[in-house]
Protein chains: 2
Amino acid sequence: MENVKDCLSKLKAKGFKLTPQRLAVIEHLEGNSSHPSASDLFEEVKKKYPMISFATVYNTLRILGEVQEIKQLTIGSDKVNFDPNTEQHDHFFCRECGKIMDVFRKDNPEVKEINGHCVHECQIYFYGICSECLKASQKEE
Amino acid sequence: MENVKDCLSKLKAKGFKLTPQRLAVIEHLEGNSSHPSASDLFEEVKKKYPMISFATVYNTLRILGEVQEIKQLTIGSDKVNFDPNTEQHDHFFCRECGKIMDVFRKDNPEVKEINGHCVHECQIYFYGICSECLKASQKEE
DNA sequence: GTACTTGCAAACAGTTTGCATAGGC
DNA sequence: GCCTATGCAAACTGTTTGCAAGTAC
């Protein structure tokens, strides 16, 4: 997702209606690098839109995925997280605090084909302990 | 998981008991490259052990993960899949048929540290359409 | 005015948990 | 015999669905 404006016109062009609820979800996603889950977004949006429902959040996330304005991450194994940054980049998951961090590397494989299979997308997930949690555990000792 | 024998002695050494149910799950995992889910394993094991319960399958999978005899894959986004091959390799997910395939590549990053975070594990997931589904769709046209 | 969208609640799937019983060691 | 593992069912979590009422266009 480049910016809210482009995203809205993309949705409009595809025939989707621009409801205030959708706008609120999109605004919470723009430039958001915290990789929120559906419930994170629901809680956030609810502050401004107390009557918004889960179904609407999921519906909006689904169509944003369809028009490729966001990507799904399954790094956390329990819930799906969403990333409005659709540029190719990797992710790090801290097994201590559960945070997901962006990782930008140069040697990303630009693979279009592998073993005869056609590749659309590649997700690289790193798992470990983040720098903050490392520091915290060193202090404890 | 190298072989059933080593796996069993590893469990024994860690103080886990070797029940027939666990053995059945382990035998179904050895050399299994189909990346089964918990319910796949449950159904398979049930053929020999009609009285086995889901809880036991999950329990066994949990301890096998603890002793690092299997790895969890979250490539499918809905359920977790298990891989008894713990050697570093990647995976391909076919969005058409849902199959998960092993991908062995040479240029895997051997990353131990990234942006100050300590890396324990790396999972690389490719998404697309597998060679078989590509063939099938070409025939249709 | 017409369709798509919303909100609600119920349904659903995968996984986890509590507890009495069974069984490995 | 002790202590862990099992089986069952119920609980739990994240997500999806059905439907009447609401609203963007």
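Every chain is numbered from 1 and lettered A, B, ... according to where its sequence line falls, protein lines coming before strand lines. Predicted model only: the values in this text are computed from it and were never measured. Values reported hereafter were calculated over all heavy atoms of this structure, with side chains retained and with hydrogens, waters and symmetry mates removed.
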Would you list the protein and nucleotides 12-14 of chain C atom pairs, both N or O, that sit under 3.5 Å from each other?
| residue | atom | partner | partner atom | Å |
| --- | --- | --- | --- | --- |
| C:dG14 | OP1 | B:K79 | NZ | 3.1 |

- prompt: What residues join B:I129 in its hydrophobic cluster, counting side-chain heavy atom gaps under 4.5 Å, either direct or through other members?
  reply: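 Members alongside B:I129: B:L134.
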message: Apply side chain to side chain contact (heavy atoms under 4.5 Å, CB included) to residues A:L73 and A:V80 and explain how you reach the verdict.
response: CA-CA 6 Å; A:L73 307 180; A:V80 173; over 6 Å; no
Near DNA chain C, which residues from [range] have a heavy atom under 4.0 Å away?
range: residues 6-29 of chain A; result: A:F16, A:K17, A:T19, A:Q21, A:R22
range: residues 59-68 of chain A; result: A:N59
range: residues 42-50 of chain A; result: none

- request: Give the C-alpha distance, both sets of side-chain angles, the deciding distance and a yes or no for ring-ring contact (aromatic ring centres under 6.0 Å, His included) between A:Y125 and B:Y125.
  value: CA-CA 8 Å; A:Y125 298 143; B:Y125 297 142; 5.6 Å; yes
field: Atom of A:Q88, atom of A:D90 and distance for their closest heavy-atom approach
entry: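 Shortest heavy-atom separation between A:Q88 and A:D90 comes out as NE2-OD1, 3.8 Å.
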task: Give the minimum heavy-atom separation between B:E69 and B:C7, together with the two atoms involved.
output: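 Closest heavy-atom pair between B:E69 and B:C7: OE1-CB, 3.4 Å.
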- prompt: Please walk me through it: do B:F92 and A:H117 pass ring-ring contact (aromatic ring centres under 6.0 Å, His included)?
  reply: CA-CA 8 Å; B:F92 175 86; A:H117 313 314; 4.6 Å; yes
Under 3.5 Å, sequence neighbours excluded: what are the donor-acceptor pairs made by side chains of residues 94-102 of chain B?
| residue | atom | partner | partner atom | Å |
| --- | --- | --- | --- | --- |
| B:R95 | NH2 | A:E121 | OE1 | 2.7 |
| B:D102 | OD1 | B:H35 | NE2 | 2.9 |
| B:D102 | OD1 | B:H89 | NE2 | 2.8 |
| B:D102 | OD1 | B:H91 | NE2 | 3.2 |

query: Taking five pairs at each end of the helix from C:dG1-D:dC25 to C:dC25-D:dG1, what angle separates the two helix axes (nearest 10°)?
result: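 Here the helix ends are tilted 40° relative to one another.
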message: Please tell me whether A:T56 and A:N59 have a donor and an acceptor in their side chains that are separated by less than 3.5 angstrom.
response: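 Short answer, no.
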task: Tell me yes or no: between the side chains of B:S37 and B:D40, is some donor less than 3.5 Å from an acceptor?
output: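 Yes, a side-chain donor-acceptor pair sits under 3.5 Å.
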message: Main chain of B:I52, side chain of B:K46: is a donor-acceptor contact present, judged purely on distance under 3.5 Å?
response: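 Judged by distance alone, no pair lies under 3.5 Å.
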task: Taking B:K10 for its side chain and B:V67 for its backbone only, find out whether a donor-acceptor pair lies under 3.5 Å.
output: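 Side chain of B:K10 to backbone of B:V67: a pair is present.
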message: Restricting to side-chain contact (heavy atoms from CB on, under 4.5 Å), what partner residues turn up for A:T86, sequence neighbours left out?
response: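 Once residues adjacent in sequence are excluded, the partners of A:T86 under the side-chain contact (heavy atoms from CB on, under 4.5 Å) criterion are A:K71.
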- prompt: Can you give the first and last nucleotides of DNA chain D, 5' to 3', that have an atom under 4.0 Å from a heavy atom of chain B?
  reply: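 Extent of the interface on DNA chain D: D:dC3 to D:dC8.
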- request: Return the set of residues passing salt bridge (Lys or Arg N to Asp or Glu O under 4.0 Å) with B:K47 (not counting sequence neighbours), or none when no residue passes.
  value: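 Expected list: B:E44.
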query: Taking only residues two or more places apart in sequence or in another chain, which ones pass salt bridge (Lys or Arg N to Asp or Glu O under 4.0 Å) with A:K48?
result: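 Scan of A:K48 (salt bridge (Lys or Arg N to Asp or Glu O under 4.0 Å), adjacent residues dropped) gives none.
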- prompt: Are there more than 12 heavy atoms of other residues, nucleotides or ligands under 6.0 Å from atom CD of B:E132?
  reply: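 Result for CD/B:E132: open.
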query: What do you reckon, is CD of B:E43 surrounded by more than 12 foreign heavy atoms closer than 6.0 Å?
result: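 Count over threshold, so yes.
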Throw together a table of side-chain donor-acceptor distances under 3.5 angstrom for residues 22-30 of chain A, partners on residues two or more places apart or in other chains.
| residue | atom | partner | partner atom | Å |
| --- | --- | --- | --- | --- |
| A:R22 | NH1 | A:K17 | O | 2.8 |
| A:H28 | ND1 | A:A24 | O | 3.2 |
| A:E30 | OE2 | A:V4 | N | 3.3 |

